[in-house]
Asker: 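I'd like to ask you about the structure that follows.
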Amino acid sequence: MKIGLQLPYFNFANTADTIAQIAQTAEAGGVYSMWVMDHFFQLGFEPLGPQEDPMLEGYSVLSYLAGQTETIKLGTLVTGVIYRNPGLLAKVVTTLDVLSKGRAYLGIGAAWFEREAVALGFAFPSVKERFEWLEETLQIAHQMWSDNDGAYAGKHFQLAETLNNPPPMSQPHPPIMIGGMGEKKTLKFVAQYGDACNLFLGAGIDVLSHKIEVLKGHCSDVGRDYDDIEKTTLGTAYHGDLPDSDAVIEICKQLADLGVSHAIFNMPDADKLDNVKRLTDEVVPAVADL
């Protein structure tokens, strides 16, 4: 099993140096991927802190980390579809992929944080419309990462050209990870357009098992090979129900039994590096063969 680390807060005295040190420690210890949230305000719930806490723009952080690391994969969990024009988003991820030498993911979802959107002037349409935006954005990304540089005409987005040069280094394109567990839209979009899903570990193993069965059904409906989709989860290590490495290892075993191959974890006090080293020294080698 692959292990990923998400950095969801930036309450650090020496922000740039600390972020680099966390990523370099994780990479040296065999962590497969590094993630940041794509938000502009903190989320306001445990263990992340109040909405007024420091937050950095996600793709700027990832671009910085691309220059501070060599092998670790880089992505957002996940970009809200309302934050960037689809053509710009595809170009941003392409640029990250080129400059990181093929290490970018496109993590994307329908967005939910209304306070943030209203405060900063992003459009925040209905849930139905946000999912329409999401589907069109996924279609545009696929077109921009193909040989078709012609027009795209959707209900919400119209692009006269989809020229995207240079192309991404990842082939056929950076993997598209769609975050969320909605059965009618999100998991269907994974089957239609995605290379990976991201499920919430906090929902519990039984719920995750059900969601995976739903995804299998959508794959069957659209003629997609279920095994081609990377199954990932997001949880929090060294906190709450996963207080130590033994608990993290055990949950990874349960996830592997469901077919999950990539477990991503937040953690408290990542800047102190103790928990990062527990993850690399104790968890990564213990789950490598799952």
Side-chain angles (χ1 to χ4, degrees), residues 4 19-20 23 27 32-40 56-111 122-123 130-179 189-198 222 224-225 228-230 232 262:
I19 292 170
E27 180 178 73
Y32 176 76
S33 61
M34 186 87 181
W35 306 83
V36 294
M37 300 191 301
D38 191 23
H39 284 292
F40 308 99
L56 298 178
E57 193 279 322
Y59 285 102
S60 300
V61 176
L62 295 177
S63 296
Y64 171 69
L65 290 179
Q68 298 291 325
T69 58
E70 296 182 358
T71 61
I72 203 164
K73 301 289 186 179
L74 301 166
T76 60
L77 275 182
V78 288
T79 285
V81 72
I82 63 172
Y83 297 142
R84 297 168 190 82
N85 169 280
L88 171 62
L89 178 61
K91 191 66 175 178
V92 167
V93 177
T94 299
T95 301
L96 176 64
D97 196 64
V98 169
L99 296 182
S100 68
K101 301 180 181 178
R103 292 189 280 141
Y105 273 79
L106 167 58
I108 193 165
F122 296 108
R130 295 201 307 275
F131 273 98
E132 291 173 352
W133 285 27
L134 177 57
E135 183 165 24
E136 291 190 14
T137 298
L138 292 164
Q139 292 170 350
I140 290 166
H142 273 281
Q143 184 165 326
M144 288 186 66
W145 288 335
S146 75
D147 294 332
N148 179 3
D149 59 4
Y152 174 89
K155 176 180 177 182
H156 301 285
F157 301 107
Q158 295 80 42
L159 284 67
E161 298 179 76
T162 50
L163 181 65
N164 186 34
N165 191 27
M169 287 191 67
S170 298
Q171 291 298 316
H173 54 72
I176 298 172
M177 176 189 285
I178 301 174
F189 287 171
V190 172
Q192 290 178 297
Y193 305 107
D195 303 290
C197 65
N198 185 256
V222 301
R224 180 76 184 277
D225 187 344
D228 287 345
I229 294 172
E230 183 182 22
T232 81
H262 188 176

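Counting from 1, the numbers follow the sequence of the chain as shown. Side chains are part of it too, since the values below use all heavy atoms of this structure and drop only hydrogens, waters and symmetry mates.
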Asker: Answer yes or no: is there a donor N or O on one side and an acceptor on the other, between the side chain of Gln158 and the main chain of Gly154, under 3.5 Å?
Answerer: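 Such a contact is found between Gln158 side chain and Gly154 backbone.
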
Asker: Is Tyr59 close to Thr95 at the side-chain level, that is, under 4.5 Å between some pair of heavy atoms?
Answerer: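 Not in contact.
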
Asker: Over all heavy atoms of both residues, which pair between Ile82 and Phe122 is shortest? Give the atoms and the distance, please.
Answerer: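 Heavy atoms only, the tightest pair is O-CD2, 3.8 Å.
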
Asker: Give me the atom names and distance for the closest heavy-atom approach of Pro167 to Thr94.
Answerer: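 Residues Pro167 and Thr94, closest heavy atoms: C-CG2, 3.9 Å.
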
Asker: Begin from the C-alpha positions of Thr69 and Arg103 and carry the test side-chain hydrogen bond (donor to acceptor under 3.5 Å, both in side chains) through to its verdict.
Answerer: CA-CA 10 Å; Thr69 58; Arg103 292 189 280 141; 2.8 Å; yes

Asker: How about Asn164 and Asp149: do any of their side-chain heavy atoms sit closer than 4.5 Å?
Answerer: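 In short, these two side chains do not touch, never coming nearer than 4.5 Å.
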
Asker: Salt-bridged, Lys155 to Glu132, with N to O below 4.0 Å?
Answerer: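 The answer is yes: the pair qualifies as a salt bridge.
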
Asker: Is it the case that the side chain of Gln171 and the backbone of Pro168 share a donor-acceptor pair, with hydrogens and angles ignored and the cut-off at 3.5 Å?
Answerer: yes

Asker: Just by modelled atom types, is the Ala151 backbone N or O under 3.5 Å from a matching donor or acceptor in the Gln143 side chain?
Answerer: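 Side chain of Gln143 to backbone of Ala151: a pair is present.
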
Asker: Where do Glu57 and Arg84 land on the salt bridge (charged side-chain N to carboxylate O under 4.0 Å, His left out) test, with the steps shown first?
Answerer: CA-CA 12 Å; Glu57 193 279 322; Arg84 297 168 190 82; 2.6 Å; yes

Asker: Is any side-chain heavy atom of His173 less than 4.5 Å from a side-chain heavy atom of Asp195?
Answerer: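 Yes - at least one pair of side-chain heavy atoms lies under 4.5 Å apart.
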
Asker: Measure the spacing between CE of Met34 and CG of Leu62 and express it to the nearest 0.5 Å.
Answerer: 9.0 Å

Asker: Between Asp97 and Met169, is there a donor-acceptor pair closer than 3.5 Å when you use the side chain of the first and the backbone of the second?
Answerer: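 Judged by distance alone, yes, a pair lies under 3.5 Å.
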
Asker: Determine whether a donor-acceptor pair (N or O, by modelled atom type, separation under 3.5 Å) exists between the side chain of Lys91 and the backbone of Asn165.
Answerer: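 Such a contact is found between Lys91 side chain and Asn165 backbone.
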
Asker: Checking side chain to side chain donor-acceptor pair (under 3.5 Å) between Ser33 and each of Lys73, His262, Glu27, which is the one that passes?
Answerer: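 Running side chain to side chain donor-acceptor pair (under 3.5 Å) over Lys73, His262, Glu27 with Ser33 returns exactly one hit, His262.
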
Asker: Please work out whether the ring planes of His142 and Tyr193 are parallel, tilted or perpendicular, with thresholds of 30° and 60°.
Answerer: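 The rings of His142 and Tyr193 sit tilted, inter-plane angle from 30° to 60°.
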
Asker: Evaluate the side-chain proximity of Leu74 to Tyr105: yes if any heavy-atom separation is below 4.5 Å, no if none is.
Answerer: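 No - every pair of side-chain heavy atoms lies 4.5 Å or more apart.
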
Asker: Check whether more than 12 heavy atoms from other residues, nucleotides or ligands sit under 6.0 Å from atom CG of Asp147, and answer yes or no.
Answerer: no

Asker: Strictly under 6.0 Å, is that where the ring centroids of Phe157 and Tyr152 end up?
Answerer: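 Not close enough - the centres of the two rings lie 6.0 Å or further apart.
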
Asker: Drop me the distance from Leu96's CG to Lys101's NZ, to the nearest 0.5 angstrom.
Answerer: 13.5 Å

Asker: How about Ile108 and Leu89: do any of their side-chain heavy atoms sit closer than 4.5 Å?
Answerer: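 Result yes, sub-4.5 Å side-chain heavy-atom pair found.
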
Asker: If I compare all heavy atoms of Gly4 with all of Trp35, which pair ends up nearest, and what's the gap?
Answerer: CA-NE1, 4.5 Å

Asker: Taking all atoms of both residues into account, what is the closest heavy-atom pair of Ala104 and Pro174, and its distance?
Answerer: O-CB, 3.5 Å

Asker: Taking all heavy atoms of Leu65 and all of Ala23, pick out the closest pair and write down the distance.
Answerer: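 Smallest interatomic distance, heavy atoms only, reads CD2-CB, 3.6 Å.
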
Asker: Of the non-hydrogen atoms in Tyr64 and Ala20, which two are nearest, and what is the gap between them?
Answerer: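 Looks like OH-CB, 3.6 Å.
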
Asker: How are the rings of His156 and Trp133 set relative to one another: parallel (under 30°), tilted (30 to 60°) or perpendicular (over 60°)?
Answerer: tilted

Asker: Do Arg130 side-chain atoms and Val81 backbone N/O form a donor-acceptor pair below 3.5 Å?
Answerer: no

Asker: Let me see the working for Leu106 and Trp145 under side chain to side chain contact (heavy atoms under 4.5 Å, CB included), right down to the final yes or no.
Answerer: CA-CA 12 Å; Leu106 167 58; Trp145 288 335; 3.9 Å; yes

Asker: Can you tell me how far CG of Asn85 sits from OG1 of Thr137, rounded to the nearest 0.5 angstrom?
Answerer: 8.0 Å

Asker: Between atom CZ of Phe40 and atom OH of Tyr83, what is the distance when rounded to the nearest 0.5 Å?
Answerer: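 These two atoms lie 6.0 Å from each other.
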
Asker: Is a side-chain N or O of Asn198 found less than 3.5 angstrom from the main chain of Ile178, in a donor-acceptor match?
Answerer: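 Checking the backbone N and O of Ile178 against the side chain of Asn198, no donor-acceptor pair under 3.5 Å is found.
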
Asker: In Å and rounded to the nearest 0.5 Å, what is the OG1 to CG distance from Thr232 to Leu77?
Answerer: 6.5 Å

Asker: In Å, rounded to the nearest 0.5 Å, how long is the span from CD1 of Ile176 to CG of Leu138?
Answerer: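 Between atom CD1 of Ile176 and atom CG of Leu138 there are 6.0 Å.
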
Asker: Can you confirm whether the side chains of Thr79 and Thr76 place a donor and an acceptor under 3.5 Å from each other?
Answerer: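 Per modelled atom types, Thr79 and Thr76 side chains form a pair under 3.5 Å.
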
